[in-house]
Amino acid sequence: MSSSAEIRPDVFWVGARHPELEIFDELFPTRNGTTYNAYLVRGSEKIALIDTVKEMFTEEYLDKLQKIVPLADIDMVVVNHTEPDHTGALGRLLEINPEIEVWCTRPGENFLKQLFAQPMKTHVVSEGEEVSLGDRTLRFLLAPNLHWPDTMFTYLPEEQILFSCDAFGAHFCGDGLYKDQVEDFSYEFRYYFDTIMRPFKEKIREAVAKVEDLPLTMICPSHGPLLRREPLAAVRSYKDWAAAPPEGARKQVLMLTLSPHGNTRHMAASVRAGLEDAGAGVTEFTINELDDERVRDELERCDALLIATPTINHDAPPPVWRILSLLSSVTPRGKVGAVFGSFGWSGEAVKLVEERLRGLKYKLPLEGLSFRFRPTAENMVSCRKFGADFVQALEK
Ligand code: FEO
């Protein structure tokens with residue numbers, strides 16, 4: 001068990017370290033675990049907590065708090081975000097001291113009501129609202145969808161510290177508390193952005209605008225090392241990675257193909273000709289040549305997506321489903337798509353992929369196109385028309 005740390009006078013890290021965690025949330029592999037960062041601010045008149053920890057660390061968290069202040073003296077807990085890795089100890093804390101007031105956003109309050117059966121005193125904050133702790137102040141900056149609708153940041157102006165919730169964090173548990181005390185974790189920092197924050201680029205741009213001009217001596221995220229040297233570097237990274245893609249004069253179509261026998265790629269050649277006839281720019285890849293990061297980059301550069309898939313054993317093959325699994329992890333410029341492909345025995349894949357795209361809120365202006373085995377010359381004419389019609393639909 002780690003001990004608390006006074007990161008500034010009367011400002012304490014009271015979080016938990018989880019270095020043996022191999023997969024965060026059973027979704028994201030980690031090299032050496034993560035941390036659940038939580039903080040205590042002891043003002044001259046009031047004592048505030050900022051977030052709690054994952055439930056399995058509740059006793060450790062309460063023990064850390066009690067070594068600093070009696071639990072009965074705590075006035076408020078700021079819930080920057082209600083996900084259980086940050087509210088896991090809240091129920092027990094409020095059982096011990098039900099007078100603690102929970103400060104959160106309106107969506108946060110709604111989620112808390114659904115997550116906890118016990119009554120709790122809540123205070124819903126507004127953008128820029130401040131609360132005085134005596135000689136310290138907490139200011140609340142709403143940051144919806146970084147990465148849940150409930151999310152907010154808390155700023156401590158007297159120390160120029162931003163408690164940034166999940167934003168600017170990383171699933172990385174180093175030997176030290178601060179970034180400058182641990183080995184390089186830039187891979188984890190970027191991976192965390194790509195897998196957790198990337199679907200919300202517009203919201204990231206809004207949140208970055210709120211903090212990029214704040215006087216900052218430290219960013220204290222909810223996961224990973226604290227950033228006390230050049231904290232704005234993390235903000236600049238998010239600003240760069242979330243930048244809006246430049247608008248081109250021509251519509252850009254990304255075409256991803258999988259073609260074990262060459263027939264679907266044969267169709268793709270005519271579809272591409274039709275796209276280009278109609279004035280679109282086309283970027284074409286064989287699905288297997290792209291890693292996940294490249295797929296995400298290409299998805300965000302294009303205005304529309306064409307998937308060319310065969311049918312194998314009545315289904316689209318796994319590499320196609322891998323592509324589909326990545327669509328919800330990006331901020332695409334446009335959600336317009338179409339599907340085509342060749343088949344041998346049966347042709348379910350095109351319909352199955354269309355259903356998946358519709359489920360992800362993609363618009364499909366054309367009905368999918370499929371032909372059996374090697375497309376005929378007549379089929380190829382249809383493919384070319386399919387490409388041209390797709391661009392016309394895009395332009396509307
Ligand atoms: Fe670290 Fe969104 O919870």
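Start at 1 and go down the list; that is how both ligands and their atoms are numbered. Please read these numbers as outputs of a predicted model, since none were measured by experiment.
At least one N, O or S atom of His86, from either the backbone or the side chain, sits less than 2.8 Å from atom 1 (Fe) of ligand 1. Taking backbone and side chain together, Cys165 holds no N, O or S atom under 2.8 Å from atom 2 (Fe) of ligand 1.
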Could you give me the CA-CA distance, side-chain angles and deciding distance for Phe57 and Tyr36, then say whether ring-ring contact (aromatic ring centres under 6.0 Å, His included) is met?
CA-CA 9 Å; Phe57 296 103; Tyr36 310 99; 5.7 Å; yes

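Nearest N/O/S atom of Asp85 with respect to atom 1 (Fe) of ligand 1 is recorded as OD2. Take the N/O/S atoms of Asp166: the one nearest atom 1 (Fe) of ligand 1 is OD1. Per residue Glu83, closest N, O or S atom to atom 2 (Fe) of ligand 1: atom name OE1. Checked against atom 2 (Fe) of ligand 1, the N, O or S atom of His81 at the shortest distance is NE2.
Arg272 has a carboxylate O that lies under 4.0 Å from a charged side-chain N of Glu276, or vice versa, which qualifies the two as a salt bridge. For Asp297 and Arg198, the salt-bridge test passes: some basic side-chain N is under 4.0 Å from an acidic carboxylate O.
Taking the side-chain hydrogen bond (donor to acceptor under 3.5 Å, both in side chains) definition, one finds that Tyr191 meets it with nothing, sequence neighbours left out.
Scanning both residues, Glu95 and Pro98, for their nearest heavy atoms gives O-CD, 3.9 Å.
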